[in-house]
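Read through the structure below, which is laid out as structure tokens, and then see the notes.
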Amino acid sequence: MKLISTSFLNLLILSGLSLSSNALAQGNSFDELPDSLNSYTEVSIQLLNHVRTGKPTLELQKLLADVSKEDLNADLDTEEEKKAFWLNVYNAYVQILLLDNPELFDDRASWFGYNFFSSPQVTIAGHELSFDDIEHGIIRHSKIKLSMGYLDKWFPDEFEKTFRWKEVDPRIHFALNCGAKSCPYIAIYEADRVEEQLDITSKQYLERTTDFLEEENKVFVNRLMSWFKADFGGKKGSIQMLKKYGIIPESANPKISYIKYDWTLELDNYKDI
């Protein structure tokens with residue numbers, strides 16, 4: 001069931017989301033909507049657009065927080081809609097949190113207390129999620145974070161099982177932006193183009209980060225291919241991906257080395273595709 005009206009979203013865009021945060025604090029909601037309907041994937045697109053252009057996002061965040069799990073699941077009824085929605089949500093909320101509080105990024109690797117990636121701080125359909133929940137649970141189909149993609153979670157929760165993708169798509173590692181300098185560019189993903197867009201961003205990221213030394217038969221690739229080795233099908237799968245996108249010749253069979261990841265904070269890293 002589609003719950004967001006086109007006219008309502010257009011009003012938000014034209015007005016720059018002029019509704020005040022006081023309305024949210026007073027408990028005003030968006031329950032009384034016309035019957036003309038739109039998708040929550042479109043809401044995720046508008047959210048990321050508003051983050052990019054500096055417009056208020058509170059009302060869009062509330063829409064995503066207040067939708068029921070059942071309605072959101074019914075709305076995201078194709079794999080393409082799920083991909084576009086969750087990629088946009090992840091990238092938007094990283095920017096929202098770090099633009100306001102860049103110091104949060106300092107605690108991204110903490111084992112105790114607050115951790116930027118593992119602490120729940122994104123509310124979708126009434127469910128508090130961490131960035132790890134979104135990436136490793138929903139997007140990577142319930143993988144254990146530090147297992148290089150080789151191990152599944154033993155007991156994923158029902159929310160995760162409801163919204164997770166059918167299978168791991170290694171291209172997502174070139175689409176998720178965690179706020180670091182070595183991250184891929186931020187693109188806005190659309191359900192009807194998401195497969196083409198993922199190919200474009202993968203090719204562009206690999207071209208930017210790969211160094212092929214033909215005479216030495218070596219290729220230096222981004223460290224994402226090491227951290228999530230099984231997602232890529234191991235070293236053999238990584239080589240096949242490099243060939244698929246024309247990064248190395250079809251006849252090449254080089255030894256792989258991994259480039260150091262630059263964790264310097266870098267925000268507003270957008271690219272139109």
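None of these values were measured; they are calculated from a predicted model. When reading the values below, keep in mind they use all heavy atoms of this one structure, side chains included, and skip hydrogens, waters and symmetry mates.
The shortest distance between side-chain heavy atoms of D268 and Y270 falls below 4.5 Å. Side-chain contact check for E190 versus I45: some heavy-atom pair is nearer than 4.5 Å.
Atom CH2 of W86 is separated from atom CD1 of I139 by 8.0 Å, given to the nearest 0.5 angstrom. The distance from atom OG of S44 to atom OH of Y93, rounded to the nearest 0.5 Å, is 10.5 Å. Considering OG1 of T209 and OH of Y258, their distance stands at 12.5 Å, rounded to 0.5 Å. Note that CD1 of I200 is 11.5 Å distant from CG of D272, once rounded to the nearest 0.5 Å. A distance of 8.5 Å separates CG of L58 from CD1 of I96, quoted to the nearest 0.5 Å.
Within a 6.0 Å sphere centred on CD of E103, heavy atoms belonging to other residues, nucleotides or ligands number more than 12.
Within the structure, side-chain hydrogen bond (donor to acceptor under 3.5 Å, both in side chains) pairs that include any residue of residues 146-156 comprise K143-D152, K153-E160 (at least two apart or interchain). Residues in residues 210-239 take part in these side-chain hydrogen bond (donor to acceptor under 3.5 Å, both in side chains) pairs, two or more places apart or across chains: R140-D231, H173-D231.
Both Y90 and L267 sit in one connected hydrophobic cluster of ILVMFWY residues. Membership requires side-chain heavy atoms under 4.5 Å apart, directly or through other members. When hydrophobic clusters are built by joining Ile, Leu, Val, Met, Phe, Trp and Tyr residues whose side-chain heavy atoms come closer than 4.5 Å, directly or via intermediates, F212 is grouped together with I256. Under the 4.5 Å side-chain heavy-atom criterion for ILVMFWY residues, no single connected hydrophobic cluster contains both Y185 and Y245. L224 is connected to L198 through a chain of hydrophobic side-chain contacts under 4.5 Å among Ile, Leu, Val, Met, Phe, Trp and Tyr, so both are in one cluster.
Heavy-atom minimum distance, P254 versus V219: CG-CG1, 3.6 Å.
Using a distance-only test at 3.5 Å, with no hydrogens or angles considered, a donor-acceptor pair links the side chain of E79 to the main chain of K166. Judged by distance alone, with hydrogens and angles left aside, the side-chain atoms of E135 form no donor-acceptor pair with the main-chain N or O of F131 at under 3.5 Å.
Using cut-offs of 30° and 60° on the angle between ring planes, the pair F232 and F174 is tilted.
Counting only N and O atoms by type, the side chains of D133 and S130 include a donor and acceptor under 3.5 Å apart. Of the N and O atoms on the side chains of T264 and D262, at least one donor lies less than 3.5 Å from an acceptor on the other residue.
Contact check on K83 versus E195 returns a salt bridge, with a Lys/Arg side-chain nitrogen under 4.0 Å from an Asp/Glu carboxylate oxygen.
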Working note: Y189 + T41, criterion side-chain contact (heavy atoms from CB on, under 4.5 Å); need CA distance, chi angles, decisive distance, verdict.
CA-CA 9 Å; Y189 291 93; T41 303; over 6 Å; no
Table please: side-chain donor-acceptor pairs of residues 114-128 below 3.5 Å, with sequence neighbours left out.
| unit_1 | atom_1 | unit_2 | atom_2 | d |
| --- | --- | --- | --- | --- |
| Y114 | OH | Q121 | OE1 | 2.9 |
| Y114 | OH | Q121 | NE2 | 3.3 |
| N115 | OD1 | F117 | N | 2.8 |
| N115 | OD1 | S118 | N | 3.2 |
| N115 | ND2 | R108 | O | 3.0 |
| N115 | ND2 | S110 | O | 2.8 |
| S119 | OG | N115 | N | 3.0 |
| S119 | OG | N115 | O | 3.0 |
| Q121 | NE2 | F116 | O | 2.6 |

